[in-house]
2 protein chains.
Amino acid sequence: MTTSGSTGETMARAAERLRSAGMRVTVPRMAVLMAVSDSEGHLDADSLRGLAQRITGRLSLQATYNVLRALTDAGLVRTTQIAGHPARYETERHDNHHHFVCRACGSIRDVECAVGAAPCMEPRLPADYDTQEAAVTFWGLCPGCRAAAPLPGLSPQHEHLRRHGSMPGSSR
Amino acid sequence: MTTSGSTGETMARAAERLRSAGMRVTVPRMAVLMAVSDSEGHLDADSLRGLAQRITGRLSLQATYNVLRALTDAGLVRTTQIAGHPARYETERHDNHHHFVCRACGSIRDVECAVGAAPCMEPRLPADYDTQEAAVTFWGLCPGCRAAAPLPGLSPQHEHLRRHGSMPGSSR
DNA sequence: CCACAGACTTGACCGATTCAAGAAAATGCG
DNA sequence: CGCATTTTCTTGAATCGGTCAAGTCTGTGG
């Protein structure tokens, strides 16, 4: 009901969200916003385009990028860039959570802040630095890949991933 | 003495470092290794190529990338990728320090771990996740840009930078 | 229902990085 | 020392994620 079929309900809600963010309401925007909301997050522009097309029928990749930027600027969507991966988009929840990235399969998982609203937000820096935000990325192996790994910490797909630039620490 | 002229001393040391890392000793490798060591770090491949060329005279960009990867794999160089910036390279010091990135000018500054060797290294994750590393990036304004900013937190160059993809938080 | 700003489509373009093929150079060995 | 083997470097093309630009289409306000 929320994915492809009668999306009436969600359409209306998406329209409302756009409107109250002061944005024009268009089919592509509703579709992308719904795609981001429906997905578990962490999808890239092209995947979201695919989902959105199930609603709009046709949607250019460029439009997808435009919409995603507009939604990000409006504070409805959060953009996350992870080294070696295309940008991912998720619903902005204003909780400044972080991400765990599996070095083997590339999957991403949300990680809540360990302490309060901003862990690690106290860098050892001179007072005249204006620190606005801290982004934390955890690297490791997800349960599935960990089980499949011959040696703990070194999976078969690891080498492949490394070559795709998953920073940091290539550890070969 | 360490930059362009008689680089004998450093050349020899670079050769030694390569050798003890089990790598073949070549002029391009020594040159790039010296370039990384001499710089304050945080230079991208093309800049390092420029520095290295002052020693080798000629060095392809492709070779620079090859060398940097080899050095990274060998644990002599640390690669850092920051959203919206090309990859930066610095001498591997095995201290897992983090980075502060200025949203206005894009400059990068090292930040020591606030607590022990691995702050934020305790993600709220199920026990079957194998967390190997935590990368923390602080975003904000460096002293210079902060002073130049008309409104605190929003510099004149900010918009420009945002459009170049400096994640996270576009805050327009 | 019209006009106009803002949004979509298409297609060229770009920066960072990698792939591929051949030439050059480094180490091992006789 | 001189060659063979293997790795590395050079050159040039290609890929990938993403942006720019020009023209057409469509919300929205009047």
Side-chain angles (χ1 to χ4, degrees), chain A residues 11 14-15 18-19 21-33 43-50 52-53 55-74 79-89 106 159-167 170, chain B residues 14-15 18-33 43-50 52-53 55-74 79-89 106 159-167 170:
Chain A
M11 289 276 276
L18 289 170
R19 205 167 282 120
M23 304 175 69
R24 283 199 181 182
V25 178
T26 70
V27 175
R29 285 178 174 181
M30 288 189 286
V32 172
L33 186 52
L43 293 187
D44 60 27
D46 202 54
S47 305
L48 288 170
R49 180 198 186 194
Q53 282 181 324
I55 301 170
T56 64
R58 146 172 301 194
L59 179 65
S60 69
L61 180 57
Q62 176 66 61
T64 308
Y65 278 114
N66 290 159
V67 169
L68 286 170
R69 165 165 298 171
L71 292 175
T72 299
D73 287 351
T79 305
T80 307
Q81 286 196 203
I82 287 174
H85 295 260
R88 314 295 184 104
Y89 304 86
E159 170 68 9
H160 158 266
L161 227 223
R162 191 192 61 73
R163 312 203 72 232
H164 278 67
S166 304
M167 298 288 103
S170 51
Chain B
L18 290 170
R19 205 166 281 121
S20 57
M23 304 174 69
R24 282 198 181 184
V25 178
T26 69
V27 175
R29 286 178 173 179
M30 288 188 286
V32 171
L33 187 52
L43 293 188
D44 60 27
D46 201 53
S47 305
L48 288 170
R49 178 196 186 195
Q53 282 180 325
I55 300 169
T56 63
R58 146 172 299 194
L59 179 65
S60 71
L61 181 56
Q62 175 67 61
T64 309
Y65 277 112
N66 290 159
V67 169
L68 286 170
R69 164 163 300 169
L71 292 175
T72 299
D73 287 350
T79 305
T80 307
Q81 285 194 204
I82 288 173
H85 295 260
R88 314 294 183 105
Y89 305 85
E159 170 66 11
H160 157 266
L161 228 222
R162 190 192 61 75
R163 312 203 73 234
H164 278 68
S166 304
M167 298 286 104
S170 49

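Below, chain A is the first sequence line, B the second, and so on; all start at residue 1. As a basis for the values below, the full set of heavy atoms in this structure was taken, side chains included, without hydrogen atoms, waters or symmetry mates.
- If you find the closest nucleotide of DNA chain C to B/Val27 and to A/Val27, the one lying nearer the 5' end belongs to A/Val27.
- Closest to the A/Thr26 side chain, of the nucleotides C/dA5, C/dC8, D/dT8, is C/dC8.
- End-to-end axis angle for the helix from C/dC1-D/dG30 to C/dG30-D/dC1, using five pairs per end and rounding to 10°, comes out at 30°.
- A pairwise comparison of heavy atoms in A/Val32 and A/Leu59 identifies CG2-CD2, 3.9 Å as the closest pair.
- The separation between A/Leu18 atom CG and C/dG6 atom C1' is 14 Å, rounded to whole Å.
- For C/dT18, one of the phosphate oxygens OP1 or OP2 lies less than 4.0 angstrom from a side-chain nitrogen or oxygen of B/Arg69.
- Taking 4.5 Å as the limit, some side-chain heavy atom of A/Met11 sits within range of a side-chain heavy atom of A/Ile55.
- Checked against C/dG6, C/dC8, D/dT8, the side chain of A/Arg24 finds its nearest nucleotide in C/dG6.
- At least one side-chain heavy atom of A/Leu71 sits less than 4.5 Å from a side-chain heavy atom of A/Leu33.
- Checking the phosphate oxygens (OP1, OP2) of C/dA7, a side-chain nitrogen or oxygen of A/Arg29 falls inside 4.0 Å.
- In this structure the side chain of B/Gln81 never reaches within 4.5 angstrom of the side chain of A/Gln81, judged on heavy atoms.
- Separating the CZ atom of B/Arg49 from the P atom of C/dA16 is a distance of 13 Å, rounded to the nearest angstrom.
- For B/Asp46, there are no side chain to side chain donor-acceptor pair (under 3.5 Å) partners two or more places apart in sequence or in a different chain.
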Worksheet item: Where along nucleotides 10-17 of chain D does protein come under 4.0 Å, by heavy atom, of base (B) or sugar-phosphate alone (S), with - for untouched nucleotides?
Response: BBB----S
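- Shown here for A/Arg88 and A/Gly106, the closest heavy-atom pair between the two residues is NH2-O, 4.2 Å.
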